[in-house]
**Q** 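Please find one structure pasted underneath; my questions will follow.
Reckoned from all heavy atoms, side chains included, excluding hydrogens, waters and symmetry mates.
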Amino acid sequence: MDTPLTTIAVVGLGTMGTGIAEVLTRAGREVIGIDISEAAARQAVASLEASTARAVSRERITEQERRDILARFRTFSDLQAAADAELVIEVVPETYEIKQQVFRELDAVVSPTTILATGTNALSVTRLAAESQRPERVLGLHFFNPAPAMKLVEVVSSVLTAPPAVESVTRLARELGKEPVAVGDRPGFVADGLLFGYLNQAAAMYEANYASREDIDAAMKLGCGLPMGPLALLDLIGIDTARTVLEAMYAESHDRLHAPAPVLGQLSEAGLTGRKAGRGFYTYAAPGSQDVVPDALTPPESAGAVAGREVSSVGVAGSGTMASGIAEVFAKAGYSVVLAARSQEKADTAKGRIAKSLERSVAKGRLTQEARDETLARITAAGSLDSFADVDLAVEAVAEDLEIKRQLFQTLDKVCKPGAVLATTTSSLPVVAVARVTSRPEDVIGMHFFNPAPAMKLVEVVRTVLTADDVHATVREVCVKVRKHPVDCGDRAGFIVNALLFPYLNNAIKMVEEHYATLDDIDAAMKLGGGYPMGPFELLDVVGLDVSLAIEKVLHSEFRDPGLAPAPLLEHLVAAGCLGRKTGRGFREYARR
């Protein structure tokens with residue numbers, strides 16, 4: 001079965017099939033494109049002509065190379081055309097009936113040594129292979145859309161697949177300039193298995209009216225560095241496709257996190273399947289367009305009808321990285337800042353950290369020396385919260401411990417003047433729990449910055465059922481003035497970002513526990529297939545495994561969903577003191593500094 005794979009048939013010339021055909025022809029393969037629709041075949045040829053013309057205009061290929069590429073692509077309407085192919089890749093609609101029919105017909109056409117690959121991301125490769133006369137030559141070859149641009153290819157083996165077949169397609173993937181990742185046969189494989197659970201949770205969050213679609217998408221883009229928000233991505237993928245994948249995942253896992261959110265079914269049944277239909281979670285200029293147009297759910301320009309309170313001075317409580325980062329943000333924006341810690345020495349150290357940060361900005365040409373001096377002069381280091389007597393906004397950034405925060409807010413309640421806004425930067429604790437220890441819970445709000453605060457644009461604005469409207473308006477106005485993007489959410493565990501991020505990270509750990517894939521393969525799959533800036537295990541080690549475990553426990557405690565229970569492997573590593581980069585060992589080992 002060690003064949004060179006020079007002639008390859010692609011069955012199904014939709015967007016994915018056309019993209020795969022382009023990748024193959026550009027890599028010198030003879031490609032037989034097969035589709036029962038002559039219109040689809042014509043469109044595939046036109047698409048290849050257009051993309052290669054663009055490549056010539058950009059001087060990436062010559063006109064002769066373009067002609068050679070086009071000559072290697074032939075289209076047909078009958079599976080009989082695949083007779084001479086050494087590899088057949090099917091990317092027909094995602095149903096067993098259609099795919100099984102294709103495999104049965106191919107059995108009667110192709111050579112006994114021909115490898116049959118399914119492009120499914122949701123159906124069982126084993127079940128498809130079992131229908132074939134030679135199941136040992138059947139495997140999964142999952143490209144990502146758009147195939148010419150995306151580097152990841154998941155090579156999926158069933159228990160029936162012969163190793164030589166896997167070796168042949170893995171070698172082919174590398175020759176195509178792709179990064180092959182070997183995975184076993186389960187719905188979603190690695191990338192989609194992790195991605196679709198996250199997308200489903202985002203849909204459920206939106207359906208619960210916890211946050212707007214715009215705020216959910218902005219939070220994940222700005223808070224996690226993702227190229228697209230989850231709801232916009234669902235529209236791009238196709239809401240009906242997402243529902244199909246999730247149903248297959250839920251059928252196997254019985255994990256409620258994979259049970260499709262009802263809104264996905266409602267939109268699918270209504271034909272509102274995303275960009276391809278012109279409407280999904282968002283409304284588009286036309287079917288197939290990427291241009292979002294305003295609709296009934298678009299927030300009005302004059303959303304901030306309530307006037308906020310005047311803020312000219314800000315108090316920041318804490319001496320750690322987050323506290324100094326927040327103080328730097330406010331001082332850069334022109335606010336008078338009091339940075340208070342438990343001692344004058346700690347406060348001075350925190351201010352010194354800001355001075356170093358500003359010096360780095362000067363060295364990189366992002367800040368002038370004069371601006372650096374003016375910013376630092378606006379910050380007063382203090383060893384007591386008594387210095388907050390005249391501030392208009394007090395922001396705490398102390399340890400993520402409810403009792404410590406409660407004690408601090410009791411002090412703020414006594415020290416701060418009437419009308420001052422009191423904000424907590426908690427990422428996981430209930431804001432109302434600190435509000436209730438004060439005599440003015442209406443003045444208390446969550447203001448969750450992300451680390452490093454000077455660089456990260458997102459602030460989650462968390463109002464409780466007691467928060468006054470003008471306090472909410474004040475914090476949103478302040479966020480804009482300090483050049484941050486505020487998103488609104490209610491007072492529940494994880495808010496937006498952590499509530500969506502950490503179940504995804506937890507599911508990645510479970511994949512490793514189950515020996516389904518390696519750390520490296522999972523990290524590569526999410527970076528190459530999902531466009532994530534970091535793989536889940538890289539991110540876990542940066543965040544800190546102890547921090548991650550604490551957030552997982554809070555989410556599990558609040559939502560009581562068995563699927564949110566922290567993975568045992570995470571608990572074991574934390575118990576062993578392997579907390580990530582900060583200890584030199586987490587999921588990986590790091591050089592000691």
**Q** Search all heavy atoms of L246 against all heavy atoms of P260 and return the closest pair with its distance.
**A**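 The pair with the smallest heavy-atom distance is CB-CG, 3.7 Å.
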**Q** Carefully, step by step, assess D240 and T273 under the rule side chain to side chain donor-acceptor pair (under 3.5 Å).
**A** CA-CA 6 Å; D240 51 342; T273 53; 4.6 Å; no
**Q** Please name the pair of heavy atoms, one in P533 and one in G225, separated by the smallest distance, quoted to 0.1 Å.
**A**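 Minimum heavy-atom separation between P533 and G225: CD-O, 3.5 Å.
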**Q** Is S253 reaching over with its side chain to a backbone N or O of M249, donor-acceptor style, under 3.5 angstrom?
**A**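 Confirmed, S253 side chain pairs with M249 backbone.
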**Q** Is any side-chain heavy atom of E179 closer than 4.5 Å to one of V153?
**A**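 Not in contact.
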**Q** Hey, are K99 and E94 close enough for a salt bridge, meaning a charged N less than 4.0 Å from a carboxylate O?
**A**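 Here K99 pairs with E94 in a salt bridge, since their nearest N and O are under 4.0 Å apart.
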**Q** Would you tell me whether S158 and T161 have side-chain atoms, one donor and one acceptor, within less than 3.5 Å of each other?
**A**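 Indeed, the side chains of S158 and T161 share at least one donor-acceptor pair under 3.5 Å.
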**Q** Kindly confirm or rule out a cation-pi arrangement of R588 over F537, judged by NZ or CZ under 6.0 Å from the six-membered ring centre and within 45° of its axis?
**A**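 No.
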**Q** Is a side-chain N or O of E460 found less than 3.5 angstrom from the main chain of V497, in a donor-acceptor match?
**A**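 Checking the backbone N and O of V497 against the side chain of E460, a donor-acceptor pair under 3.5 Å is found.
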**Q** Working to the nearest 0.5 angstrom, can you tell me the gap between L5 CG and L24 CG?
**A**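 Those atoms lie 10.0 Å apart.
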**Q** Between T114 (side chain) and A85 (backbone), is there a donor-acceptor pair under 3.5 Å?
**A**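 Yes: the side chain of T114 pairs with the backbone of A85.
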**Q** Does a donor on one side chain and an acceptor on the other come within less than 3.5 Å for T113 and S111?
**A**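 Yes - a donor-acceptor pair under 3.5 Å links their side chains.
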**Q** Looking at CD1 of I509 and CG of L505, how far apart are the two atoms once the value is rounded to the nearest 0.5 Å?
**A**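 It comes to 7.0 Å.
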**Q** Would D235 and R213 count as a salt bridge (Lys or Arg N to Asp or Glu O under 4.0 Å) here? Give the steps.
**A** CA-CA 12 Å; D235 276 356; R213 60 192 180 180; over 6 Å; no
**Q** Ignoring hydrogens and geometry, is there a side-chain-to-backbone donor-acceptor pair from N507 to L194 under 3.5 Å?
**A**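 No, the answer is negative, given that no donor and acceptor are paired below the 3.5 Å cut-off.
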**Q** Are any side-chain N or O atoms of D541 and backbone N or O atoms of R581, one a donor and one an acceptor, separated by less than 3.5 Å?
**A**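 Here the side-chain-to-backbone pair does not exist.
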**Q** Answer yes when E538 and K527 have at least one side-chain N-carboxylate O distance shorter than 4.0 Å, and no when they do not.
**A**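 So E538 pairs with K527 through a salt bridge.
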**Q** Checking F587 against L569 for the side chain to side chain contact (heavy atoms under 4.5 Å, CB included) test, could you report, in this order, the C-alpha distance in whole Å, the side-chain angles of both residues, the deciding distance, and whether it holds?
**A** CA-CA 10 Å; F587 283 97; L569 177 57; 3.9 Å; yes
**Q** Less than 4.0 angstrom from a charged side-chain N to a carboxylate O is my criterion; do E558 and K553 meet it?
**A**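 Result for this pair is no, no salt bridge flagged.
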**Q** Could you give the distance from CD (E90) to CZ (F103), rounded to the nearest 0.5 Å?
**A**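 If we round to the nearest 0.5 Å, E90:CD and F103:CZ are 5.0 Å apart.
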**Q** Can you confirm whether I522 sits close enough to P536 that some side-chain heavy atom of one is under 4.5 Å from a side-chain heavy atom of the other?
**A**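 SC-SC contact between I522 and P536 confirmed.
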**Q** Rounded to the nearest 0.5 Å, how far does CG of L128 lie from CG of L116?
**A**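 Answer rounded to 0.5 Å: 10.5 Å.
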**Q** Dump the intermediate steps for side chain to side chain contact (heavy atoms under 4.5 Å, CB included) on L160 and V138, then the final yes or no.
**A** CA-CA 8 Å; L160 305 170; V138 177; over 6 Å; no
**Q** Starting at CG of D523, measure out to CG of D520 and round the result to the nearest 0.5 Å.
**A**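 Rounded to the nearest 0.5 Å, the CG-CG separation comes to 7.0 Å.
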**Q** For residues V547 and K582, report the shortest heavy-atom separation together with the two atoms involved.
**A**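 Looks like CG2-NZ, 4.1 Å.
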**Q** What I want to check is whether the side chains of Q101 and E97 have a donor and an acceptor closer together than 3.5 Å.
**A**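 No donor-acceptor contact under 3.5 Å links the two side chains.
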**Q** How are the rings of F450 and H448 set relative to one another: parallel (under 30°), tilted (30 to 60°) or perpendicular (over 60°)?
**A**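 Judged by the thresholds at 30° and 60°, the geometry between F450 and H448 is tilted.
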**Q** Check for a donor-acceptor pair, side chain of K178 on one end and backbone N or O of L172 on the other, with a separation under 3.5 Å.
**A**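 No, K178 side chain to L172 backbone: no donor-acceptor pair under 3.5 Å.
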**Q** If you count every heavy atom of other residues, nucleotides or ligands that lies below 6.0 Å from I36 atom CD1, does the total exceed 12?
**A**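 No.
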**Q** Does any non-hydrogen side-chain atom of F281 lie less than 4.5 Å from one of V292?
**A**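 The answer is no; the side chains never approach within 4.5 Å.
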**Q** Evaluate the side-chain proximity of I115 to V88: yes if any heavy-atom separation is below 4.5 Å, no if none is.
**A**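 A side-chain contact under 4.5 Å is absent here.
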**Q** Does a side-chain N-to-carboxylate-O contact under 4.0 Å join D291 and R275?
**A**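 Judged by the 4.0 Å cut-off on N to carboxylate O distance, D291 and R275 do not form a salt bridge.
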**Q** Pick from D217, L234, I216: which one makes a side-chain contact (heavy atoms from CB on, under 4.5 Å) with Y206?
**A**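 Considering D217, L234, I216, a side-chain contact (heavy atoms from CB on, under 4.5 Å) with Y206 is found only for I216.
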**Q** For the pair E514 and R186, find out whether any cationic side-chain nitrogen is under 4.0 Å from an anionic carboxylate oxygen.
**A**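 Salt bridge present between E514 and R186.
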**Q** Run the side chain to side chain contact (heavy atoms under 4.5 Å, CB included) check on I237 and F196 step by step: do they pass?
**A** CA-CA 10 Å; I237 292 167; F196 279 88; 4.0 Å; yes
**Q** Is it the case that more than 12 heavy atoms not belonging to R463 sit under 6.0 Å from its CZ atom?
**A**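 Yes.
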**Q** Give the minimum heavy-atom separation between L564 and P503, together with the two atoms involved.
**A**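 Minimum heavy-atom separation between L564 and P503: CD2-CG, 3.5 Å.
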**Q** Hey, does V156 have a side-chain heavy atom less than 4.5 Å from the side chain of L141?
**A**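 Not in contact.
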**Q** I'd like to know if the side chain of E400 pairs up with that of T426 as donor and acceptor (distance under 3.5 Å, no hydrogens or angles considered).
**A**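 Yes.
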**Q** Do V542 and M534 pass the side chain to side chain contact (heavy atoms under 4.5 Å, CB included) test, and can you show the C-alpha distance, the side-chain angles, and the key distance before you say yes or no?
**A** CA-CA 10 Å; V542 168; M534 299 179 77; 3.5 Å; yes
**Q** Assign the ring pair H142 / F144 to parallel, tilted or perpendicular, where the plane angle (0 to 90°) is split at 30° and 60°.
**A**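 Geometry flag for F144 against H142: tilted rings.
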**Q** Could you state the interatomic distance from CZ (F502) to CG (L549), rounded to the nearest 0.5 Å?
**A**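 F502 CZ to L549 CG: 10.5 Å, rounded to 0.5 Å.
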**Q** Tell me whether E22 is salt-bridged to R26, with the criterion being a basic N under 4.0 Å from an acidic carboxylate O.
**A**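 Between R26 and E22 there is a salt bridge, with a charged N closer than 4.0 Å to a carboxylate O.
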**Q** Is the backbone N or O of A204 less than 3.5 Å from a side-chain atom of Y210, with the two atoms forming a donor-acceptor pair by type?
**A**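 Not confirmed, Y210 side chain does not pair with A204 backbone.
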**Q** Which pair of heavy atoms, one from L501 and one from M220, lies closest together, and at what distance?
**A**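 Minimum heavy-atom contact is N-CE, 4.4 Å.
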**Q** Decide yes or no for Y282 and L231: does some side-chain heavy atom of the first lie under 4.5 Å from some side-chain heavy atom of the second?
**A**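 A side-chain contact under 4.5 Å exists here.
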**Q** Indicate whether the side chain of D185 and that of S157 have a donor and an acceptor atom separated by less than 3.5 Å.
**A**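 No, no side-chain donor-acceptor pair sits under 3.5 Å.
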**Q** Any side-chain to backbone donor/acceptor pair from D35 onto E38? Under 3.5 Å, distance only.
**A**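 Answer holds: no.
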**Q** May I ask you to decide if L13's main-chain N or O and T18's side chain share a donor-acceptor pair within less than 3.5 Å?
**A**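 Yes; judged by distance alone, with no hydrogens or angles, the pair exists.
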**Q** Considering only heavy atoms from C-beta outward, does the side chain of D491 approach that of V465 to under 4.5 Å?
**A**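 No. Closest side-chain heavy atoms not under 4.5 Å.
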**Q** D192 side chain to N121 main-chain N or O, any donor-acceptor pair under 3.5 Å?
**A**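 No: the side chain of D192 does not pair with the backbone of N121.
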**Q** Decide yes or no for Q201 and L257: does some side-chain heavy atom of the first lie under 4.5 Å from some side-chain heavy atom of the second?
**A**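 Yes; the side chains approach each other to less than 4.5 Å.
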**Q** Is any side-chain N of the basic residue among D107 and R137 closer than 4.0 Å to the acidic one's carboxylate O?
**A**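 Yes, this pair counts.
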**Q** Name every donor-acceptor pair, under 3.5 Å, that has one atom in a side chain of residues 261-270 and the other anywhere in the protein, sequence neighbours excluded.
**A**
from: S268; atom 1: OG; to: L264; atom 2: O; distance (Å): 2.8
from: E269; atom 1: OE2; to: R243; atom 2: NH1; distance (Å): 3.0

**Q** Taking all non-hydrogen atoms of both residues into account, name the closest pair between A9 and I34 and its distance.
**A**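 For A9 and I34, the tightest heavy-atom pair comes out as CB-CD1, 4.4 Å.
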